[in-house]
Amino acid sequence: MRCLTPACSPSSERLAVLYPHLSNMLVLQTSSGIDHQLLNKRPRACLAYGGDKPLRYNRLNCRCNASSFAGRVADYASSNKTRNTGGAHQSMDDKVQRRLEIFHEGQDGPPLRILPIGGLGEIGMNCMLVGHYDRYILIDSGLMFPDYEDLGVQKILPDTGFIHRWRHKIEAVIITHGHEDHIGALPWVFPVLDPSTPIYATSFTMELIKRRLDEYAIKSDGRLKIFDMRTRFNAGPFEIESIRVTHSIPDCCGLILRCCDGTIFHTGDWKIDESPIDNKYFDRTALEQLSKEGVTLMMSDSTNVLSPGRTTSEADVAKALMHKVLSAKGRVITTQFASNVHRLGSIKLAAEASGRKLVFLGMSLRTYLDAAWRDGQAPFDPSILVKPEDMDLFAPKDLLIVTTGSQAEPRAALNLASFGNSRSLKLNKEDLVLYSAKVIPGNEIRVMKMMNRIAELGPNIAMGRAENLHTSGHAYRGELEEVIQLVKPQHFMPVHGEYAFLKEHERLGKDSGVRHTAVIKNGEMLGVAPLRNRKVLSSGFFPLGKEDLTLMYNDGDKAFGTAADLCIGERLRIALNGIIIVSMEVMRKEADKRHWQKGSDGPQNGLRGRVKITTRCLWVDRGKLLDALHKAATAALSSLPLDAALGLIEHTVGLALRKVVQKYSNRRPDVIVIASEASQSVRNPAVSQNGISIDEKRRTGSIQEKQVDAKWRSKQKQEPRSAFLKTQTSRGGNHPSFLKQNVKSKFHRAADEHTESRNGAKEEMTLSSPKERTVYNGSESDLLPETPNSLETVSTESLTEEVLRFTGSEVNMTTRSTRESSGLMEEKAMDDSVNSAKMSSPTIRRKWKSGEVLVLIEARKQEENNLQQGQGRKRIWKAVAEALAEAGFERTPDQCKTVWFSLVKRYKSSVEAVNNGAKNFSFYDAMHVALSGMEVVSNKKSKE
């Protein structure tokens, strides 16, 4: 019995078994020769094989140090099932099975395991699990900024649900540096981890982490640990050592992870700056020592792999900034990434050289500078900054302003200034704007729009590579190649970048002499076989399964969840295709058929109802599409049987409207149909207390009531409907008392007759577009005439009839309309009046006399000063009512309020007529004096 792999035996009897992802050979031998059937099953490891059964693997007897898959190989050997093969020595059934396998767990399989949760195939959201068997550490916990398709989203976060499920395996979190794409998700990741899991970071990065956790009121409870460069510490299954790399933020480090089965080198974000501002150089010495030690796996930043050559130094940018500031004659405004503390130091030196004072506009600038100051790495004391509100105390040539907004963020200082909306910064022609940043991919359009707006305002702009005002913090191709050749890893896997960047970086690794390379995506677990010894290459990578990770979203406030939870797809769909909302009151009873007259447009059979259609984000072609939707909804409703369920009605109408819009404008909007039973569409015979129905009582009413009804119907044909209430009020004072007692019953009969006369015409629909267009399919006689002009001879309802449009809605009329809410005080008061009118039955009210109206005007004028001092409006109208009471007029505060707003509306409508010489409002002079005095009081209060 012996193992015949090339590493263990020089025997000539060797048979290679080609692994699908490996290049080395494994050989198995039995006492009777080679088991070819077993070889076709592609065993995944080296086994000592003797007799007819695989023997138990003994690590001490095999120098290749390969992991055991004896159980699986034994199953393959004992199976007699014929399998289809796909290619040389490959089983298609096994291939399918492996794709369905979940992650390797336990002590079987390769010991070193990599599982990226974010950062591969995208820019940002760097988050990766690195483990030894089933013990893991989490490297970084970053966020990603949304694309234009993610409407209403501010942050995209890694799958916190998966992290929570694996919290028992995650023993530590290591942060490489303090950029948002590496620490931004900690407020969401920190709570889902085990309460004992520590967070490790450098001192400056830890200051940023503490502030971020404090913003979300998350207590660290002693879990935050600080480490120093080149100091080794234990975290999870690894002994970790950090080495210094240069980047665009202080305290950036790479990580060396050591364990008994190999060494992993993770670069973090890096570049090689030969002359850094803070004199903290890229640690080549540590990498040279690491290369001698041997590196099993290297993972490197791929952001700028497509950029040839090498990055420029931050010192070169400092020289360019100095030149621009010294040559400027007016005010200098510069924008940059707030986290670049080194560049803030360069700007401070330029300000001192030119005799300028430094001003920060933007909270994030001060946040990073304060963190550096607390850690002792700030280039200057934040207390020397001039406050934004004190800028007017200095001449423009004495100021150098640093602003946020390099990526045209909506609320950033520079972007607001480009719109002219910033309180602190007003751009002018003498200004010089220095764009000391890089446009992040995806922000090009909005950044250029911002720069165009700034150019229109007149300032000179300096931006672009030729100005040398910015350098990247990520290594270019030349630097990437240098480090690969310096470390000489046995395995190489690119990280941090778009998928195309990863593939190009992999090709660079192969060109640099790395034998085993791999590119994976988020959610794919990759295993690395252990080292045989320090001089012989390992056996390569093993794919160990895949997890379908779910992106999480945050809207900048409390909303947090998946794309489905925040309705991301629905937001985009509505924005592109629009939405239609349909409200339907379905009338389905047989008694409704009496409302349809022969020859009318309505259906003789099927359903009918009142329909209101509202559209948003949809082109309606000046109402033509609304008409088409109206007809389609009516037709779809009438095609259904009387006993159709509400769900079926909603589905049928929604489908019909979708087809209409798709045919009309080739759009597929969301259609929301809300159908309900019309409780008042058919009035059931109400029963009075004596058991006689109201309808029967009406038919058998007194002769005097019938005479009054006949007179009212005759009068109603001659008089406008707007005088309806006035007529009834005047009758109430001239007829016997029984008429007053039965006035409600008379009103209901009048409304019934009016309703039946209108239902003989085309069914009424209300359609509203984004402009709240209302369409009436009634006759011209339904339009309301103007109300009387004189307040001396009209009642309260007549005075406010223009505004309230009192048409009988108080007595259960079927007319409905859609009104646009303008937010004006008058319209709010009118809405309240309408609602209160609908809740109460008609009553006889006293007329407003001229003297009473004049007292009201004067009292409201006197109360304006109290209103400006902060007293509530209810108290104001109560005081006005008390003033009327003192003058001998009893009115409620609501009555005073209603009449006042009617007077204001009448005054505004009469202004143009008065200017033309026609005076049609008897209280115009009194209202003019009152409103003018109120305006003076208001202006005086605003100045104070």
Side-chain angles (χ1 to χ4, degrees), residues 722 786-806 819-834 836-837 845-944:
S722 59
E786 297 293 328
T787 55
N789 292 328
S790 175
L791 284 173
E792 292 89 334
T793 60
V794 296
S795 63
T796 301
E797 285 75 12
S798 298
L799 177 66
T800 61
E801 192 275 337
E802 268 188 287
V803 180
L804 302 181
R805 313 297 287 174
F806 196 97
R819 295 183 303 163
E820 183 176 8
S821 177
S822 64
L824 298 176
M825 184 68 67
E826 293 88 343
E827 295 192 24
K828 184 177 186 301
M830 290 184 281
D831 290 341
D832 294 339
S833 301
V834 172
S836 62
R845 300 181 182 180
R846 294 184 295 105
K847 301 176 183 178
W848 282 74
K849 299 179 181 179
S850 300
E852 193 174 3
V853 173
L854 293 174
V855 173
L856 169 67
I857 296 173
E858 183 63 24
R860 178 61 183 85
K861 174 185 174 182
Q862 296 298 328
E863 292 297 327
E864 179 64 22
N865 189 43
N866 295 333
L867 179 63
Q868 295 298 328
Q869 292 179 358
Q871 290 191 12
R873 295 186 178 275
K874 291 185 178 180
R875 293 184 179 181
I876 296 301
W877 292 115
K878 184 177 180 180
V880 171
E882 292 175 354
L884 285 171
E886 293 177 359
F889 304 107
E890 295 295 332
R891 295 292 180 181
T892 66
D894 288 340
Q895 289 175 333
C896 298
K897 177 181 177 181
T898 301
V899 174
W900 169 258
F901 286 121
S902 299
L903 290 168
V904 171
K905 190 174 182 76
R906 288 289 304 277
Y907 170 79
K908 292 181 179 179
S909 62
S910 302
V911 171
E912 184 177 356
V914 172
N915 293 336
N916 296 331
K919 189 174 182 181
N920 58 356
F921 181 34
S922 56
F923 296 102
Y924 178 85
D925 294 334
M927 287 297 296
H928 181 74
V929 173
L931 293 177
S932 299
M934 293 165 63
E935 184 178 3
V936 171
V937 173
S938 177
N939 294 337
K940 181 179 179 181
K941 186 65 179 178
S942 62
K943 291 180 179 179
E944 295 177 354

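Listed here is the closest heavy atom pair of Ala885 and Glu890: CB-OE2, 4.1 Å. The minimum heavy-atom distance between Ala926 and Ile857, with the atom names listed, is O-CG2, 3.7 Å. Closest non-hydrogen pair, Leu856 versus Cys896, comes out as CD1-CB, 3.8 Å.
Residues Gln895 and Thr898 are not in side-chain contact: their nearest non-hydrogen atoms beyond the backbone lie 4.5 Å or more apart.
Within the 3.5 Å criterion, the main-chain N or O of Val929 finds no donor-acceptor partner in the side chain of Ser932.
Under the salt bridge (Lys or Arg N to Asp or Glu O under 4.0 Å) test applied with Arg891, the options Glu852, Glu882, Glu886 reduce to a single match, Glu852.
Aromatic ring pairs are classed by plane angle as parallel below 30°, tilted from 30° to 60° and perpendicular above 60°; the pair Trp877 and Trp900 is tilted.
Rounding to the nearest 0.5 Å gives a distance of 13.0 Å between CG of Leu884 and CZ of Arg860. Separating the CE atom in Met927 from the CZ atom in Arg906 is a distance of 11.0 Å, to the nearest 0.5 Å.
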